Every structure is written in structure tokens, then in C-alpha cells.
Amino acid sequence: MNDEHPPLADHPLTRARLEKLERIRRAGLDPYPVKFERTHRSAELHAAFGDLPPGTETDQVVSVAGRVRLLRSFGRLVFVTLEDASGRIQLFVEPNTVGESFDHLELVDLGDWLGATGRVMTTRKGELSVKVTDYAILAKGLRPLPDKWKGLTDVEARSRRRYLDLIVNPDSRRVAVLRSKVVSELRRQFDARGYLEVETPVLQTQAGGALARPFVTHHNALDLDMYLRIATELHLKRLIVGGFEKVYEIGKVFRNEGIDSTHNPEFTMLESYEAFADYHDIARLVEEVLPAVAEAALGTTEITYQGRPLSLRPPYRRVRMVDLVGEELGVKAPHRLDRERLAEEAARRGIAVDPGWGAGKLVEELFDHLVAPRLWEPTFVLDHPVETSPLARRHRDDPDLTERFELFVAGSEYANAFSELNDPLDQRARFLAQARARAGGDDEAHPVDEDYLQALEYGMPPTGGLGIGVDRLVMLLADRHHIREVILFPTLRPEDP
RNA sequence: GGGUCGCUAGCUCAAUUGGCUAGAGCAACGGACUCUUAAUCCGUGGGUUGUGGGUUCGAGUCCCACGCGACCCA
């Protein structure tokens, strides 16, 4: 045995469990049976028999199954607390009822999966229990669970071994469930509005649709370097060219950048595109979808985030980025100031200025540093500079700005939307400007995508587009302040390099 | 990328200025117990103190490098 399981046999705690596994087999029992027929989940028993008075014995025979979370032995009477996905139920096990298999209870450890059949009863103290006539080990655990009271607290261990976190920390299970509700409600909202859910390629020969560094991989048969997508935008807009009027996609995108409390290299985005809509229409869409998601996930639009109350009830404030920055600088139209003046203003406020930045980028940097952190209630920040928005159409009233908004809540960005740029010649000019930035050393600049330009040249109708960062949204609704708390398996360095 | 802090038993944590054989609770093992709720009681075992070097009579503690992580800043 020791030769077959060296790591487990090496440690006293796991060796003891291996020995029990052998004893289970020697007793003619299967430690990993294929099937157990259960009749009730714990929550169903509590719902059906929750009002039984103490000391009741019923004739109702039920079968339950779950993981052993607590085990209390009084010699000839044993209490076992089983946990399934719905909650906990106590087993009442005594030799009179269960017979010879009572002795096999000593082979059961905390963490094992157990199935039990018996009659519903309450103890003298009133605890709803199953008085066991038969039970079976459904899966023998070979490693000890974390402390049954203190649990698992180390954030690294909780992320690396999420299954343990989920076993012992109910909060972690709640966040995972909340995330699922958010995603399904998002889907429901767009489906209900007649949007077509589509899938676009993750592997691309060019990574566009956002300003970010991509992951590179290699296709062997084609002998071709490929990129993991950094956005779904350009393919979804090709579908609008193709004649679909409302499309959306919820999917993972990948950005090759650092990991911190709001960034994971792979994260989940929702993007939607609607023909004949402009960014004002999209803002109204967001004002409908966001409260609906909050209602579905939490039952309310009035939430608490970082200890402060926050209302997601529309309407949301609308304000132009250049007005917010202008207020800060005491000028009227900051994007018309010359670059040097803006660079000076930024530097004076402690912002590290890159010599490659133009006036537009400087305005946006000033906004990000000076204004954004102060925006608590949901706010649509409108009309970004052309320089930083290569896929948004020029503003109908100001050619230096675009028809774009970002939704800010609690100091962070939650949505990004534009009236899409559908002028193929302007789009080409914007790509070329990005190419110059790339040549100047900006490796996040957008590449020139000839295939996308060709699609635009066939004509894309006026279109409104939207992107929502799903992970951030879950963080907001779950009141979690680190992205790894809302991603079940966040990106981590390997433990043993 | 920079700074600060952390890494001790399966889990949660101790260990005084560098000084006895690195302790405790849970978990494990042995025993008692037919109404517990983190059951209780008695007893036992369990450690390469993240890794590798160094200083010292003596290192969990001090120094250096590396690994993994946390927080803050860019």
C-alpha cells in the first residue's frame, strides 16, 4: 500500500485514512460506489418537517446524502451532521436501529460523503434528524478538511484550492451563486429585447477592439502566431454589417497585463451592438439593465459598497468628461488647450506624463486621476476625446470629441459605449493614427485591421455598442473589493516552479 | 516596476533582548460515554519554522539571495 500511495502514506493524518480505506474494503464495502438513490435534500426535510415537536418519531422513511461535517460519538449513540448543497441534516445512529453496520462508523471521517436511509425524527432537544436504518460511504476522503470552526482564511490558499474554500466558507458559495444570477439575468435582459446571442473567435490573427496587449499563441498546422482576443467588438460589428440588427456576446477576454485587485488576465465581458441606436439609446438601455440585474441578484437596487450606501436606481447623472476636467482646471474646453499646457497641469498634479500623449489622452488622464475617484453615484461620463477612442464616431457637434460614455460607479468604470464609427475612411485614418502611436512605442495601440476595414467598406448602419465588465459588476453587487473574490479560479503563479 | 509586511503541525494561531526538548485549540490516534449541536472528559503521537546560504557557543528570531503571497504606490 505504501508503495502505491507514497505521498499519502508518508503523513500520519493521511496514512490513517488510507488504512481506513483498506479496512472498508476488507469489510466487503465499496468506498466509492457508483450510485445512491436519495429522496430528499436537507432543505426539503427542514421545509417538510421543520415544525415537528421535540421527541417525535415518524414513520416517514427518507434517504439523504451529503458530506460529513460534524461527528459526535457517545459510544452507543452517534450524531452525524451531513451537508448537501441545500444545507445540513443530522443523522441519529444507534445499534438497535442500524444493526451490525454500527461498528463501521469508526471508518467514517469528517469530510467523507455518506448516504443514509431512515425515519424522520426529532431529538429530545428538537433537532430534526434521520434515525438511520442503513447507510453507505459514498466517497472516502483521504485528506483532512480545514479546521471545522476557523475554516480556511489564507487568501492564497482559498484561491488556489477553491474547492476547500467552497466547502468551509458559505460566503464564497454565496458569491459564486450571485455571479451566476448576474450572468443569467444579463442574458435574460438582452434576450428579452430581441438580441441574438452569438459566439465569436477567441483565437485571432489580430487582437483588436480595445487598447491592450494580447496573449500570443501558435497554431501548429497553419504555422501561424495567433492572439487571444482582447475584446469581441470587431467581430460583433461585422455581424451588424452582415445584417443582424441586435447581437450580444458574454465571454472571456484576455489581456496580457498585471494582476491586481481589479485586474485578472482573463475576465468576462458582455458586449452588445444594436443597429439604428446611438449612445443615448445605449445609456437608457444601461439604465434598465443594471437595476434589473441588481434586483435579480439581490432583490434591491439599494446596495452597500465598501461600507457606503449606493443607489442603482435610474436616472443616472450625465456629464461630459471635458466639463468635469475643465472644472478641475478652471478652464472652459480643456481639450482645446495646447498639449504643453495640459502636460504641465497634469505634471503639477503628480501625474507621470508620457511624452507620446496628445491633448486628448492628457484630458483623459486628468479625468482618471482627479475626477473619477470622486464619482460615487452612477454617472455617465460622456464624449471622450477622439485620440483615446479609435472605434467611436466623432461627436455630431464637436469633431475633437466622440459619442462615447463610460458609466462610473463608486470611482470605477462599469460600462463603455459608443455611437459606433461606421465611416470606413475615418476608421482607416484612426487606425493609421494608432499605428503611428505603436511605432512611437505604445504597444497597447490598436493595430490596423484591414479585414475589419473591408467589412466597414460594405456599409455598417448607424449602430450603438456597449461593453460591460461582468467581474466588476459582480464585485459591486457582492461588495467584494478584490476581483479574485468573484472569480472561482483566478490566475495564480504556480506554487512549485 | 518600487515600498512595507508576511510565510511556524492538515487548519487557525503562540513562542519576551538571539537562550531549556518550538507550544495551544481543532483535526488524528487510544480509552470512557445512548440526546449531542464546535459534544464532553482522560491519555498519546504529530514540526527540515517557505528554500538555500551566512553570522553566532547557540537562530523561528539577526544578515544575504531566491520562491510564494498580502497591502500600498506607480
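Please read all numbers here as calculations on a predicted model, not as lab measurements. Every chain is numbered from 1, with letters handed out A, B, ... down the list of sequences.
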Open item on the list: Less than 6.0 angstrom from the centroid, inside 45 degrees of the normal: does A/Arg339 satisfy that with respect to the ring of A/Trp357?
Closed with: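 That pair does not qualify as a cation-pi contact.
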Open item on the list: Among B/C68, B/C29, B/C11, which nucleotide has an atom closest to any side-chain atom of A/Glu156?
Closed with: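 Closest nucleotide to the A/Glu156 side chain: B/C68.
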Task: Minimum-distance nucleotide (side-chain atoms of A/Asp109 versus B/A39, B/C68, B/C29) - done: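 Nearest to the side-chain atoms of A/Asp109, counting from C-beta on, is B/C29.
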Whole-Å distance separating the [atom1] atom of [X] from the [atom2] atom of [N]:
X	N	atom1	atom2	result
A/Leu13	B/G47	CG	C1'	12 Å
A/Glu94	B/C33	CD	C1'	15 Å
A/Arg69	B/A38	CZ	C1'	11 Å

Task: Phosphate OP1/OP2 of B/C71: any A/Arg484 side-chain N/O under 4.0 Å - done: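 For B/C71, OP1 or OP2 has a side-chain N or O of A/Arg484 closer than 4.0 Å.
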State the pairing partner of [N]; accept Watson-Crick or G-U wobble contacts with both distances under 3.5 Å, and report none otherwise.
N	value
B/G30	B/C42
B/G69	B/C5
B/A24	B/U12

Open item on the list: Nearest heavy atom decides the nucleotide; on that basis, is A/Arg17 or A/Arg76 closer to the 5' end of RNA chain B?
Closed with: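 Per heavy-atom nearest nucleotide, the more 5' residue is A/Arg17.
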Task: Heavy-atom side-chain proximity of A/Thr205 to A/Met226 below 4.5 angstrom - done: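 Side chain of A/Thr205 against side chain of A/Met226, heavy atoms only: contact under 4.5 Å found.
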Looking across every strand, which nucleic acid part, if any, lies under 4.0 Å from [X] by heavy atom: base, sugar-phosphate, or nothing?
X	result
A/Leu110	sugar-phosphate
A/Asp154	sugar-phosphate
A/Leu152	sugar-phosphate
A/Ser129	nothing
A/Gly55	nothing

Task: Contact summary for A/Asn264 and A/Glu266, nearest pair of heavy atoms - done: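 Closest pair (atom of A/Asn264, atom of A/Glu266, distance): ND2-O, 2.9 Å.
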- [ ] Take A/Asp338 and A/Arg341 through the salt bridge (charged side-chain N to carboxylate O under 4.0 Å, His left out) test and state the conclusion after the steps.
- [x] CA-CA 6 Å; A/Asp338 60 52; A/Arg341 166 82 193 281; over 6 Å; no
